[in-house]
There are 2 protein chains.
Amino acid sequence: MSDPNPAAGRAYTHVKTRILSGDLAGGTLVSEVQVGMELGLSRTPVHEAFLRLDAERLLTLSSRKGAVITPISPREARNVLEMREAVEATAARRMVEDGSTDKTLPALASVLERQRVHAAEGDVDRFVAADEEFHSLVIDGSGNDIAAQFYAQLRDRQQRLRHLLLRLRPGDLAGACGDHEHLADALAKSDADEYARVLHAHMARYEGAL
Amino acid sequence: MSDPNPAAGRAYTHVKTRILSGDLAGGTLVSEVQVGMELGLSRTPVHEAFLRLDAERLLTLSSRKGAVITPISPREARNVLEMREAVEATAARRMVEDGSTDKTLPALASVLERQRVHAAEGDVDRFVAADEEFHSLVIDGSGNDIAAQFYAQLRDRQQRLRHLLLRLRPGDLAGACGDHEHLADALAKSDADEYARVLHAHMARYEGAL
DNA sequence: GGGCACCCGCTTGCATGCAAGGATGCGCGC
DNA sequence: GCGCGCATCCTTGCATGCAAGCGGGTGCCC
């Protein structure tokens, strides 16, 4: 996903990073030549990058006018969290149905352990990385490729929200760890409904924070 | 979505149609020049089309070898149906929470009526179109853009499955209509849980058919 | 006969040229 | 002063040229 072609991949990563970090604000008009100059590339690979980003709804190409960075709608946070919840609850349910939780539980425990350390140290960046890893493990464990594809996009959008809006308060970190512990427990008990309930509360915590 | 640029859009639609209809089987190697010749275009717009289709996972670009049509995995049907169920149940739940079912119910009733006619006439193609319209109305009614985006992709993938595998038996049409009636009723009663239950059964019906 | 190297044709990646479409701002007419 | 039209600059859409990577087939050598 990160090096399909040297030039096009570089352009893609460059622009995407700037969008997700909030460096390029919504509504900004960017041109292919401009980005190309910055990276020493011609328009072609930049155009490719723009097409991919357009498919991800991170910008909108309008013919012969340029590309405008998609503004974040007020409903974006709710939309993202709702979809994350839907996808992940379904993934957990499938793992329970298939009896394949055993393959994922050890990895979850390992991530959770690291996450607790980062929470204690107040290392928010690593904490967030571990948080994402935890949820991704569940998605991947389900074996549903489409869920994984969707989840990757949702992760991007949430990253963009995180940079735009406030950072998590350190006090929330411990609570999130507790949530994850409950989630892992629910999986260990093969209780998909409880997983869904706890996940819903977990998302509500984030929604409150945004 | 269907005419971003004249040439690139034509190439995109052309190739996508052939993939979804099963005309281009999984594993087939297609080249840009080949498609360009067929449509009287140069490689550039065809390349654009390929990039978009790659983003939708309908084909895979491998550098300097060509584009291979993504084969349908044996798990594809289950993956698609699971995600459809997750997304649509969430959409219905939001409509209930927001009390916005009233805006959608009349349209649902209208589609349902048409669908019954098509079922009675055994017009499978129109029936399927109405079926898709019904579900899309629910998704759109939720106002979750991301859900709509995901659902559109799922619809494409399901269309591909439908063409690859057996057609629906006419006997199923009436049953599907009954399901839709139940779904609309659940929405009218603002019972999101019942909607989810009926939807699950509805999807199981399709999964059995594949 | 078997194995290896090379060459050729295929493919795309990227740069560039040309032309068309849209927005802006200036100047003219009123 | 106000409004309209035009010219210009900006943007991208698409075609094409060139080079590089990959695979298949052939021919050589052993």
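Proteins come first, then strands; the chains are lettered A, B, ... in the order of their sequence lines, and each starts at number 1.
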Enquirer: Starting from P on C:dG13, measure out to CZ on A:R10 and report it in whole angstrom.
Expert: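 A:R10 atom CZ is separated from C:dG13 atom P by 16 Å.
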Enquirer: Separation of B:L29 atom CG from D:dG23 atom C1', in whole Å?
Expert: 11 Å
Enquirer: Check the distance between C:dG9's C1' and B:Q34's CD and give it to me in whole angstrom.
Expert: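 For the pair B:Q34 CD and C:dG9 C1', the rounded distance is 16 Å.
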Enquirer: As a test of reading the structure: which of D:dC14, D:dG23, D:dT11 is closest to the side chain of B:K65, going by heavy atoms?
Expert: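 Comparing D:dC14, D:dG23, D:dT11 against the side chain of B:K65, the answer is D:dG23.
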Enquirer: Which atom pair, heavy atoms only, marks the closest approach of B:L112 to B:H180?
Expert: CD1-CB, 3.7 Å
Enquirer: Tell me whether the side-chain N/O atoms of A:H47 come closer than 4.0 Å to OP1 or OP2 in D:dT12.
Expert: no
Enquirer: To the nearest Å, give me how far apart CZ (A:R52) and C1' (C:dG13) are.
Expert: 14 Å
Enquirer: Measure CG/B:L41 against C1'/D:dA15 and give the value in whole Å, please.
Expert: 11 Å
Enquirer: Within a radius of less than 6.0 Å around CD of A:E38, do more than 12 heavy atoms belonging to other residues, nucleotides or ligands occur?
Expert: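 Result for CD/A:E38: enclosed.
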Enquirer: Looking at D:dC14, C:dC14, D:dT11, which one has an atom nearest to any side-chain atom of A:S31?
Expert: D:dT11
Enquirer: Which nucleotide, C:dG17, C:dC14, D:dT11, lies nearest any side-chain atom of A:R43?
Expert: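 Nearest to the side chain of A:R43 among the choices is C:dG17.
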Enquirer: Between C1' on C:dG13 and CD on B:E32, what's the gap in Å once rounded to a whole number?
Expert: 9 Å
Enquirer: Looking at C:dC14, I'd like to know if its phosphate oxygens (OP1 or OP2) sit under 4.0 Å from a side-chain N or O belonging to A:T44.
Expert: no
Enquirer: Nearest to the A:N5 side chain among C:dA15, D:dT12, C:dG13, which nucleotide is it?
Expert: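 Out of C:dA15, D:dT12, C:dG13, the nucleotide with an atom closest to A:N5's side chain is C:dG13.
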Enquirer: B:A67 near the nucleic acid: base, sugar-phosphate alone, or nothing, with a heavy-atom cut-off under 4.0 Å?
Expert: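 Contact class for B:A67: none.
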Enquirer: Take a 6.0 Å sphere around CD of B:E113 and say whether it holds more than 12 heavy atoms from other residues, nucleotides or ligands.
Expert: no
Enquirer: Taking CG from A:L51 and P from C:dG13, how many angstroms apart are they, rounded to a whole number?
Expert: 13 Å
Enquirer: Assign each of B:S63 and A:S63 to its nearest nucleotide of DNA chain D by heavy atoms, then name whichever residue's nucleotide is nearer the 5' end.
Expert: A:S63
Enquirer: If you define the side chain from C-beta out and look only at heavy atoms, does anything of B:L51 sit under 4.5 Å from A:E48?
Expert: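 Yes. Closest side-chain heavy atoms under 4.5 Å.
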Enquirer: Please state how far atom CD in A:E48 lies from atom P in C:dA15, giving the value in whole angstrom units.
Expert: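 Distance check: A:E48 CD to C:dA15 P gives 10 Å.
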Enquirer: If you go through the side-chain atoms of B:R64, does one of them form a donor-acceptor pair with the base of D:dG23 closer than 3.5 Å?
Expert: no
Enquirer: Could you check whether B:H202 and B:H135 have their ring centres less than 6.0 Å apart?
Expert: yes
